[in-house]
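In what follows, a single structure is set out as structure tokens and then discussed.
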2 protein chains.
Amino acid sequence: MLNHAIKQAAPLPPAVTRLASLATLDAADLTILGNAMQRAQAVRVRRDLMVEGREIVQPQLILSGWAARVRILLDGRRQFLHFLLPGDVIGMSRHSNPIAVSTVVALTEVTACPLPDGDMPPGLTEALAVSGAVDEAYLLAQIARLGRMSARERIADLMLELHERLSANGTAEERSFDMPITQEILADAMGLTAVHVNRMLQSARRSGDLLWTNGRLTIPDPFALARQVGRTPTRVTKG
Amino acid sequence: MLNHAIKQAAPLPPAVTRLASLATLDAADLTILGNAMQRAQAVRVRRDLMVEGREIVQPQLILSGWAARVRILLDGRRQFLHFLLPGDVIGMSRHSNPIAVSTVVALTEVTACPLPDGDMPPGLTEALAVSGAVDEAYLLAQIARLGRMSARERIADLMLELHERLSANGTAEERSFDMPITQEILADAMGLTAVHVNRMLQSARRSGDLLWTNGRLTIPDPFALARQVGRTPTRVTKG
DNA sequence: CGTGCTATTGAACCAGGTCAAACATAGTGG
DNA sequence: CCACTATGTTTGACCTGGTTCAATAGCACG
């Protein structure tokens, strides 16, 4: 079938794949999205996409690369709150004169495009609303991880979450995905030190739970690992 | 002035005070709110106001008492994600067929009323939107606390947050407020054990930072304590 | 072929956890 | 009015998961 052949030749961009997984998008939605993506801009590593306390100019959609929401304490301690992957939205808000409640920094080279902040066709509106709900669910998961899981569990649980999220945007394999971050960044996301993260990763590798080489993370048996840490997939809508 | 006299005689309920602090409410907003509050219902301690994974029937507004969002791990470990105080809203969502992403449990006897989930006058709509943004800010603060603060700092920071929030709904004094929870609940909110919370509270009392007696918490010098832990007030709108 | 990250390893240390017992305090029922 | 129970707080002794500090090694890049 022609349609099929075309799809194979030109797969959807990850950001579109993700949004389409959250709500049904029709032609009008895809047009708006396509236009927005024309205005994509590159952001270099370590540059901020958004700064805590500053007015939010426009919501943005991550098209490629990894970013993160981050808080820095006065003495320099750093906590990553949430990773932002292709298809994730930043700076959405439903009220007037919003200011950013966290800084967003690029962890790799990132491309992102501004999103119209006014009215949008219903499919896209719904997708963005669902995206917001999913984000909240991941924030809650992060709290439970930091508050009540051991270092081993935190890392396993986060890897499963990333696998789930990258699967939703079509950029993960069945048991592996690219993870272009350092152990130090992972440590600052998990409330641990880089040294301890290193030791836990080695221990996880020895036990066959996780392998991380050349920027690629492999989870030999995602299902078994999920059972082991008591993880269930994140859902925000019925049906 | 008569108006003044009336206000003194019948101060606004905490929930209204809070919402009015988030957006300008006019007569139409107050009418809707007043009607909703007629349908207030009591919820007993330990009862759930909402269960993770179940469909959200209707958003609710907390009128009195304390509740919390909570996650329980498979082996029974418990993490409170966020405290819910009078004026807080639960179960708001912007998408269709939402399911609850966390359980909400009453920590004390609670009264709450259902909120219309359709269209509302603009002031109330804005207040609820701002409320959602504030909630998100507090979730982020909780992540930073659990991930990167010491036990002492976590407790001090949370107490300052509660003081800020209870001030916004008019139920806190300048340097104290009622805190009707146990040390074990506090521990499960801070990712600590009850034993350690107890020791930290005693140490905080000895150093004059916090006193907690007869269910009332006193912060002798909130301003100094905030400076000490590097805390700045939470803001989500400009102006 | 130095310079700057990132990853790895070892050894000593400590914040916070665990376990167990004692000590309130408030109902509650007899 | 007093035992009896239940829930919460406090204390002590000991233990461990994770940190700290420091040194080494790998690797990309100019």
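In what follows, chains are A, B, ... by sequence order, proteins preceding strands, each numbered from 1.
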Problem - Sidechain N-carboxylate O distance under 4.0 Å for A:Glu153, A:Arg145 - result: no
Practice task
State whether B:Arg148 and A:Asp188 are salt-bridged, where the test is any N-O pair (Lys NZ or Arg NE/NH1/NH2 against Asp/Glu carboxylate O) under 4.0 Å.
Solution key: yes
Exercise for the section: Assign each of A:Val195 and B:Arg199 to its nearest nucleotide of DNA chain D by heavy atoms, then name whichever residue's nucleotide is nearer the 5' end. Expected result: B:Arg199
Exercise for the section: Enumerate the residues from residues 66-85 of chain A whose closest heavy atom to DNA chain C is under 4.0 Å, giving them by residue number; use none for an empty result. Expected result: none
Handout entry: Heavy-atom donor-acceptor pair, A:Arg205 side-chain to C:dT8 base, under 3.5 Å
Key = no
Completion exercise
note: A:Met200, atom CE; C:dT8, atom C1'; distance rounded to Å ~ 14 Å
Completion exercise
Across all chains, not counting sequence neighbours, the salt bridge (charged side-chain N to carboxylate O under 4.0 Å, His left out) partners of B:Glu55 are A:Lys238
Problem - Position toward the 5' end of DNA chain C (nearest nucleotide), A:Trp212 or B:Ala151 - result: A:Trp212
Completion exercise
Here the distance between atom C1' of C:dG17 and atom CG of B:Asp188, to the nearest Å, is 14 Å
Exercise for the section: Examine distances only and state if a side-chain atom of A:His82 and a backbone atom of A:Ala189 form a donor-acceptor pair shorter than 3.5 Å. Expected result: no
Problem - Interatomic distance, B:Asn198 CG vs C:dT18 P [rounded to whole Å] - result: 16 Å
Fill in the blank from the handout: Rounded to whole Å, the CD-P distance (A:Gln202 to C:dT8) equals 6 Å
Exercise for the section: Round to a whole Å and report the spacing from CD of B:Glu153 to P of C:dA15. Expected result: 12 Å
Practice task
With rounding to the nearest 0.5 Å, note down the distance linking CG in A:Leu210 to OG in A:Ser176.
Solution key: 12.0 Å
Problem - DNA chain D: 5'-most and 3'-most nucleotides touching chain B, 4.0 angstrom heavy-atom criterion - result: D:dG8 to D:dA13
